[in-house]
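These notes concern the structure reproduced below.
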Amino acid sequence: MKRGVKISILGAGRVGSTVAHTIAVQGLASEIVLVDIMKDKAKGEALDISQGTVLLDTCTNVISGDYPDTFDSDIIIFTLGAARKPGQSRIDLAKGNVAIVESVIPEVVRYSPDAKYVIVSNPVDIITYTIMRLSGVAENQIIGTGCLLDTARLREEVSTYAHISPKNIHLQVFGEHGATAMIPWSLGSIYSTRFDEYVAEHPEIRMPDHKSLLDSVHSAGGQVIKLKGATFNAVAIITAYVCSCILHDAKAVMPLSTMMHGEFGLENVCVSLPCVLGARGIERVNVPKMTEEEVKEFVASAKSLQDVTAGLDI
């Protein structure tokens with residue numbers, strides 16, 4: 001009889017190993033399995049985390065293994081694939097990482113067809129789309145982290161200007177997790193006051209304009225990479241948060257990448273809109289009432305992703 005929560009992580013690089021560490025420290029799983037083509041790397045990361053878990057309040061068994069070891073996982077997290085290199089196009093990045101994901105999908109589905117699949121690998125919208133098209137797994141089980149990280153970055157920046165907890169700043173980022181992500185300002189608020197009204201009422205805040213804040217969201221990841229070489233800590237925290245919402249049936253609403261089925265006239269593309277996340281995965285997509293201009297920006301973002309998938313053999 002199965003006991004406890006099992007989470008398997010595909011990819012033991014900086015993102016995958018940090019995700020494993022974060023999940024272990026938060027006590028979200030009784031067993032964590034790290035799988036990587038570089039088996040010694042996965043083994044070393046598992047040992048490094050495992051040797052510290054003895055001092056935690058929760059007991060987590062962290063191991064490395066191969067796909068048979070992921071059998072009957074509750075959650076499988078995809079972090080495998082290469083990072084984008086300077087000057088590399090999104091299509092080139094997508095081609096390489098799609099090929100990697102395509103090669104592992106049969107093994108993943110074979111051993112854990114009922115798991116929730118949390119997609120972190122980039123380009124996350126394209127990888128989420130690939131898994132939905134090729135795995136045969138129900139769409140609600142496949143959760144692209146999408147614009148959740150962009151949203152966290154936006155709220156953190158606004159909070160530094162407003163001097164207010166980011167938990168009280170209600171702004172979201174929709175569309176592609178990437179260069180065409182958009183912010184529906186008409187839906188945003190601070191406390192119970194519309195965002196733009198709040199800024200107008202508090203000129204001492206010196207809040208940057210919409211474009212500057214959006215530019216900051218677009219460049220946030222690149223800034224971290226420029227300073228330290230890679231982004232992985234914030235990614236790990238938001239990934240653990242997604243897992244927690246699934247395991248605790250939180251019914252939390254957040255921007256996640258999922259397949260469009262007529263929303264704003266879009267089909268056959270994975271993109272971020274507010275999703276209700278619980279024990280069954282993505283339980284529904286909330287379609288917000290955006291302004292006409294915001295809808296145009298969102299659709300343009302989605303279509304930019306369709307242009308990429310059109311150049312891939314999926």
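Judged by distance alone, the side chains of Thr180 and Glu176 do bring a donor and an acceptor atom under 3.5 Å apart. Side-chain contact annotation: Ser186 with Glu294, donor-acceptor N/O pair under 3.5 Å present. A donor atom on one side chain and an acceptor atom on the other are found under 3.5 Å apart for Glu139 and His261. Counting only N and O atoms by type, the side chains of Tyr111 and Asp69 include no donor and acceptor under 3.5 Å apart.
Under a 3.5 Å cut-off, the side chain of Ser121 and the backbone N or O of Leu80 do form a donor-acceptor pair. Under the 3.5 Å distance criterion, the side-chain polar atoms of His21 are left unmatched by any main-chain donor or acceptor of Ser17. Between the side chain of Ser212 and the backbone N or O of Pro208, no donor-acceptor pair lies under 3.5 Å. Remark: side-chain polar atoms of Ser73 are not paired, donor with acceptor, to backbone N or O of Ala115 under 3.5 angstrom. Side-chain N or O atoms of Thr79 include one that pairs as donor or acceptor with a backbone N or O of Gly11 at under 3.5 Å.
The minimum heavy-atom distance linking Leu34 with Gly16 is given by the pair CD2-O, 4.1 Å. When all heavy atoms of Thr231 and Arg153 are compared, the closest pair comes out as CG2-NH2, 4.0 Å. The shortest non-hydrogen separation linking Trp185 to His210 is CD1-ND1, 3.3 Å. Closest approach of Gly146 to Asp125, counting heavy atoms only: CA-OD1, 4.5 Å. Between Glu31 and Ile63 the shortest heavy-atom distance is OE2-CD1, 3.6 Å. Closest approach of Lys116 to Ala279, counting heavy atoms only: CE-O, 3.0 Å.
Within 6.0 Å of the NZ atom in Lys167, the count of heavy atoms belonging to other residues, nucleotides or ligands does not exceed 12. Counting non-hydrogen atoms of neighbouring residues, nucleotides and ligands closer than 6.0 angstrom, the CG atom of Asp209 exceeds 12 such neighbours. Dense packing is recorded around CD of Glu204, with more than 12 heavy atoms of other residues, nucleotides or ligands lying under 6.0 Å away. For Ile37, the CD1 atom counts as loosely surrounded, since its 6.0 Å shell holds 12 or fewer non-hydrogen atoms of other residues, nucleotides or ligands. Within 6.0 Å of the NZ atom in Lys41, the count of heavy atoms belonging to other residues, nucleotides or ligands exceeds 12. Environment of NZ in Lys251: crowded, with over 12 heavy atoms of neighbouring residues, nucleotides or ligands closer than 6.0 Å.
Proximity of Glu156 to Pro166: side-chain heavy atoms (C-beta onward) are nowhere separated by under 4.5 Å. Using a 4.5 Å cut-off on side-chain heavy atoms (C-beta onward), Cys270 and Ser257 make contact. The side-chain heavy atoms of Val137 and Tyr117, taken from C-beta on, include a pair separated by under 4.5 Å. Looking at heavy atoms from C-beta onward, Leu273 lies out of side-chain contact with Thr258 at the 4.5 angstrom threshold. The closest side-chain heavy-atom distance from Val15 to Val19 is below 4.5 Å. When side chains are defined from C-beta on, Met254 counts as touching Val242, because their heavy atoms get closer than 4.5 Å. Between Glu157 and Leu213, some side-chain heavy-atom pair lies under the 4.5 Å cut-off. Using a 4.5 Å heavy-atom threshold, the side chains of Val269 and Thr309 count as separate.
One finds the CZ atom of Phe174 at 11.5 Å from the OG atom of Ser301 (value rounded to the nearest 0.5 Å). To the nearest 0.5 Å, the span separating NZ on Lys6 from CG on Asn61 amounts to 10.0 Å. The OG atom of Ser50 lies 12.0 Å from the NZ atom of Lys43; values are rounded to the nearest 0.5 Å. In this structure, OG1 in Thr70 is found 12.0 Å from CD1 in Ile9, a value given to the nearest 0.5 Å. Taking CG from Leu187 and CZ from Arg194, the interatomic distance works out to 8.5 Å, rounded to the nearest 0.5 Å. Note that CG of Asn97 and CD1 of Ile126 are 11.0 Å apart. Values are rounded to the nearest 0.5 Å.
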### Task
Go through the steps for Val235 and Leu149 under the test side chain to side chain contact (heavy atoms under 4.5 Å, CB included), then give the verdict.
CA-CA 7 Å; Val235 177; Leu149 178 56; 3.7 Å; yes
#### Entry: Derivation of the side chain to side chain contact (heavy atoms under 4.5 Å, CB included) call for Ile164 and Ser159
CA-CA 5 Å; Ile164 290 172; Ser159 75; 5.7 Å; no
### Task
Please test Val308 against Leu312 for side chain to side chain contact (heavy atoms under 4.5 Å, CB included), starting from the C-alpha separation and ending with a verdict.
CA-CA 7 Å; Val308 175; Leu312 302 173; 4.3 Å; yes
### side chain to side chain contact (heavy atoms under 4.5 Å, CB included) between Ile75 and Leu247, worked out
CA-CA 9 Å; Ile75 295 174; Leu247 296 171; 4.0 Å; yes
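Under a hydrophobic-cluster definition in which Ile, Leu, Val, Met, Phe, Trp and Tyr are linked whenever side-chain heavy atoms come within less than 4.5 Å, directly or via other members, Ile143 and Val276 are assigned to different clusters. Hydrophobic clustering (side-chain heavy atoms under 4.5 Å, transitive across Ile, Leu, Val, Met, Phe, Trp, Tyr) groups Ile105 together with Val124.
Salt-bridge formation is detected for the pair Lys39/Asp66: a Lys NZ or Arg NE/NH1/NH2 atom is positioned less than 4.0 Å from an Asp or Glu carboxylate oxygen. Contact check on Asp307 versus Lys303 returns no salt bridge, with no Lys/Arg side-chain nitrogen under 4.0 Å from an Asp/Glu carboxylate oxygen.
Each of Arg155, His177, Gln172 was evaluated against Asp150; a single residue qualifies, His177, per the side-chain hydrogen bond (donor to acceptor under 3.5 Å, both in side chains) test. When each of Leu10, Ile119, Ile131 is tested with Val101 by the rule side chain to side chain contact (heavy atoms under 4.5 Å, CB included), just one qualifies, namely Ile131.
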